[in-house]
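Report on one structure; see the data block that follows.
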Amino acid sequence: MTATAVRGIGVPVKRKEDPRFIRGKGTYVDDVKLPGMLYMDIVRSPYAHARIKRIDVSKARAMPGVIDVITGEELAKANLAWMPTLMGDRQMVLPTDRVVYYAQEVAAVIATDRYIAADAVLAVEVEYEPLPPVLDPFEALKPDAPLVRPDRDQKTNHIWHWEAGDKEKTDRIFQEAEVVVAQDLYIPRIHVASIETCGCVANYDPATDKLTIWMTSQAPHAHRTVFSLVTGIPEHKIRVISPDIGGGFGGKVPVYPGYVIATYATLKHKKPIKWIEDRSENLQADSFARDYHIHAELAANRDGKIRALRVKVLADHGAFDAAANPSRFPAGLFSVCTGSYDMEAAHVEVDGVYTTKPPGGVAYRCSFRVTEAVHTIERMVDILADELGMDPAEIRFKNFIQPHQFPYKSPTGWEYDSGNYPAALQKALDMIGYRELRREQAERRARGELMGIGISTFTEIVGAGPSHTFDILGIKMFDSAEIRVHPTGAVIVRIGVQTQGQGHETTFAQIVAEELGIPVEYITVEHGDTDTAPYGLGTYASRSTPTAGAATAVAARKIREKARLIAAHLLEVSPDDLEWKDYAFRVKGAPDRYKTMQEIAFAAYTNFPLGLEPGLEAECYYDPPNLTFPFGAYVCVVDIDRGTGQVKIREFLAVDDCGTIINPMIVEGQIHGGLTMGMAPALFEEIVYDENGTMLSGTFMDYLLPTAVETPHWKTAKTVTPSPHHPLGAKGVGESPTIGAPPAIVNAVVDALSHLGVRHIDIPITPAKLYRILQEKGVAE
Ligand code: PCD
Ligand SMILES: [Cu+]
């Protein structure tokens, strides 16, 4: 078998899933239609904070086609008015006495038709007594602030305090440091706004006593376990199916009240119940991302050598701590904020705060708060360079962790597996022609034009994670793969992770193709169905390749070891006389005597050595020894329109390193998508509330997503520094670009204005915001 025939690792195989997608033949949750299916729609709160005095459902119930109206009171009787969150908090499914955010679920209508359900929602009468909203986390911490969560024992809006690093050493360095720079940064609330909204079809079948839930889930097994624990239904009687998913991006990790209500309703009515959010519900009430109020300080020597980083954060979590993080990391992996730079010490503190806003704190393509971490350090390094009058590239070269320092122990306790930061930045600078650009900038500046060059050299942390520190509600964050090679050499691979567009059906097949020498078209990848897929923690935080990808390689190697015994039997040699070469087992010294995996597979069912178990299957539950640390060097060139305040990205070059690349075409697609999702919050996206806590950006008229028109032509390149502990040397890549892009863009805009005394601008850098700055500085046209 040749590499061309196998099309394994490193080959730009076209996506196996695309033929069905481009024909419109995908099966999304809303495509699931069952006989007798009922439809659910949700009554939502018009207030951010209010007491519920009365809910009158009589008019709604009387409407033809309305089957039921479910309220919090009814759920309370079933002990389901509250549910646990992934972070160990509790969250209202439906309220019994108060609402704590705008658009919160208040009641649910079940009807024979989606439109009848929507009409009946309007007929439900709710009497509210408005309470003062709590919108600013700083205000929320004041002693006289209204309590968002009187249900808790602690009578405060403070949720938790979390810290990492060495406080004493950090403080000492700050006291004696030659230079200190400080900056407040705000990373606003944003929303993943995936094409497909959330939803489910819940179906309890009394004949089999089985509950099946098709749901938009990034983690079907974990969700099944949560459902079992919440409802008391035995886990084998629950089947969660996550079918084709129209984008996850972190927003489909949490459990939403709608899933729980629909499940309750199917158990009650013994009919399938469909619930699909509309766009506004999705934007208004589903988990948000970011909302970090950051104060950061760097201590350095006058020559630009960074000595220490100190960061304090207020994290606005909304009304419930329903963030999607590993249990022990309430602030996610934010403590990776020392980035790509070697320093003596760091201290990071994060405080979680309740406000009357929707709960969440999901990733938005940022692997557990890494975007926030990277934005902080990459902005601070530029601010320091500005303070010292140094070039931002030069200050980075001066502070990079050097290639020989890996594995590198960071001051907040991470062990970076591998990296070569100077090589990546040098490549980026050479490719973009950095010196020439600086020259051009000086000329343009002299003519009064505003051109900026921004750099970001970020380190990502993905692949959660090693069982000694990573779990979700106690379930360790391993992942899994199961491979079956059938007699004709056709293969089914089942994995514990679940694609939402990333192309796992292709890349995981390529891993098996490479390891077994079976052409990729003979390999089918299945996932997302808890009845058939092995247990896994799901797809988010760019963990699939580092965890399930490793499991797939290890399982394939187990198959290969068994195949060796069968090949030896067929070739009548000892197993030790065989070597795996050019995708076949060959007799050492006589490479023309060989058996391919197809021949071996057939023998595994027809002609296996006596005493050997028949069949050719293997599984692996992979507990990663460490996380993987992908990285990149991005350079962004912007021109600012002095007449409108508009930022034009003239050029953007992304040099990424995700170790061994499985499918270069898919990785490039991931990078294009990720860069666009990095540009979006840098320039456009923001969730805005008015002074009453009403969301002002609940439609795509107001929540500005970039289109192809706003998106520049991304240039990409790579370096390859394999992970030393991953069986394939691969690291995750899905989120790197979203993490690396925002600071590159902001650094470029600030660079364009630094000679006017501008040091920092919070995202999103909208034309209106920028135009005001241009006016202040007297350069607006
Ligand atoms: N080295 C390497 C790496 C990787 N790869 C590829 O690429 C992809 C990706 O991967 P990763 O990195 O591992 O990741 P995952 O896990 O798979 O995924 C996840 C991610 O992914 C991304 N991307 C995407 N895409 C699409 N299309 N869709 C979606 O949804 C999405 N999402 C996003 C997100 S957000 Mo989070 O959830 O926030 O946490 S996380 C995330 C896949 O296919 C794989 O296999 C390759 O090839 N190579
Ligand atoms: Cu984040």
Side-chain angles (χ1 to χ4, degrees), residues 8-13 15-18 21 190-196 216-219 244-254 287 289-290 323-326 332-333 360-371 460-464 479 495-511 514 525 527 536-550 552-553 628 630 656-678 718 720-723 726 728-739:
I9 288 178
V11 181
V13 176
R15 304 204 325 164
K16 287 160 74 85
E17 40 272 87
D18 283 349
F21 291 149
I190 51 173
H191 197 283
V192 302
S194 49
I195 293 180
E196 183 197 24
T216 47
S217 169
Q218 293 183 236
D244 287 327
I245 299 290
F249 305 113
K252 288 167 180 163
V253 178
S287 290
R290 324 282 197 259
N325 289 318
L333 308 186
V362 296
Y364 185 116
R365 209 164 188 166
C366 98
S367 23
F368 308 135
R369 303 289 188 188
V370 183
T371 314
E460 243 278 58
I461 168 171
V462 297
D479 227 289
I495 50 180
V497 292
Q498 154 65 351
T499 192
Q500 309 117 35
Q502 293 87 347
H504 293 177
E505 287 167 46
T506 309
T507 50
F508 281 73
Q510 287 181 264
I511 295 174
E514 181 70 29
V525 176
H527 47 199
L537 271 278
T539 291
Y540 40 84
S542 308
R543 65 185 296 277
S544 303
T545 307
T547 59
T552 304
T628 66
D656 271 281
D657 193 319
C658 57
T660 308
I661 292 174
I662 297 158
N663 183 323
M665 185 192 71
I666 284 182
V667 165
E668 196 183 352
Q670 287 291 310
I671 292 169
H672 281 214
L675 290 171
T676 308
M677 283 182 84
K718 63 169 190 274
V720 177
T721 314
S723 165
H726 186 280
L728 303 168
K731 301 179 177 185
V733 75
E735 293 162 302
S736 294
T738 306
I739 284 161

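No hydrogens, no waters, no symmetry mates; every other heavy atom, side chains included, goes into these values. Both counts, for ligands and for their atoms, begin at 1 and track the order of listing.
Counting only heavy atoms of the protein, atom 15 (P) of ligand 1 lies nearest to S544 OG, 3.5 Å. Nearest protein heavy-atom neighbour of atom 39 (O) of ligand 1: A541 N, 2.6 Å. For atom 3 (C) of ligand 1, the closest non-hydrogen atom on the protein side is K731 O, 3.1 Å. Looking only at heavy atoms of the protein, atom 47 (O) of ligand 1 is closest to N663 N, 3.0 Å. When only non-hydrogen protein atoms are considered, atom 23 (N) of ligand 1 lies nearest to Q670 OE1, 2.7 Å. With respect to atom 42 (C) of ligand 1, the closest heavy atom belonging to the protein is Q502 O, 3.7 Å. Atom 4 (C) of ligand 1 has T545 OG1, 3.5 Å as its closest protein atom, hydrogens excluded (heavy atom only).
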Exercise for the section: Please step through side chain to side chain contact (heavy atoms under 4.5 Å, CB included) for the pair R15 and E505, ending with a clear verdict. Expected result: CA-CA 8 Å; R15 304 204 325 164; E505 287 167 46; over 6 Å; no

Exercise for the section: Show your working on side chain to side chain contact (heavy atoms under 4.5 Å, CB included) between T506 and E17 and close with a plain yes or no. Expected result: CA-CA 7 Å; T506 309; E17 40 272 87; 2.5 Å; yes

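The atoms of ligand 1 that sit less than 4.0 Å from any heavy atom of Q218 are 37 (O). Contact atoms of ligand 1 toward V667: 5 (N), 46 (C), 47 (O), 48 (N) (distance under 4.0 Å to a heavy atom of the residue). Those atoms of ligand 1 with a heavy atom of H504 less than 4.0 angstrom away are 15 (P), 17 (O), 42 (C), 43 (O). The ligand atoms of ligand 1 that sit less than 4.0 angstrom from a heavy atom of T660 are 1 (N), 2 (C).
Neither the backbone nor the side chain of V253 has a heavy atom within less than 4.0 Å of ligand 1. Neither the backbone nor the side chain of F368 comes within contact range of ligand 1; no heavy atom lies under 4.0 Å. When non-hydrogen atoms are compared, ligand 1 lies under 4.0 Å from the side chain of I666 (C-beta onward) but not from its backbone. At a heavy-atom cutoff of 4.0 Å, ligand 1 is contacted by the backbone of C366 but not by its side chain. Residue contacts with ligand 1, taken as heavy atom pairs separated by less than 4.0 Å, do not involve K252 at all. Within the 4.0 Å heavy-atom criterion, both parts of V733, backbone and side chain, lie near ligand 1.
Side-chain contact of T721 with D657: a donor-acceptor pair under 3.5 Å is present, judged by distance alone. Side chains of T539 and S544: a donor-acceptor N/O pair is present below 3.5 angstrom, by distance only. No donor-acceptor contact under 3.5 angstrom links the side chains of Q498 and Q500, judged on distance only.
Residue contact annotation: G659 has no non-hydrogen atom under 4.0 Å from ligand 1. In this structure, G673 has no heavy atom closer than 4.0 Å to ligand 1.
When each of T499, V497, I662 is tested with F508 by the rule side-chain contact (heavy atoms from CB on, under 4.5 Å), just one qualifies, namely V497. Just one residue in the list D656, I661, T660 forms a side-chain contact (heavy atoms from CB on, under 4.5 Å) with C658, and that residue is I661.
The backbone N or O of S367 sits less than 3.5 Å from a side-chain atom of E735, completing a donor-acceptor pair. Side-chain N or O atoms of N325 include none that pairs as donor or acceptor with a backbone N or O of F368 at under 3.5 Å. Panel note: side chain K252, backbone G247; a donor-acceptor pair is recorded below 3.5 Å. No donor-acceptor pair closer than 3.5 Å links the side chain of H726 to the backbone N or O of G549. Between the R365 side chain and the F249 main chain, no donor and acceptor come within less than 3.5 Å of each other.
Closest approach of M665 and P12 over heavy atoms only: CB-CB, 3.8 Å.
The N/O atoms of G248, backbone and side chain alike, include one that comes under 3.5 Å of an N/O atom in ligand 1.
The residue among D656, I245, T371, I662 with a heavy atom at the shortest distance from atom 48 (N) of ligand 1 is I662.
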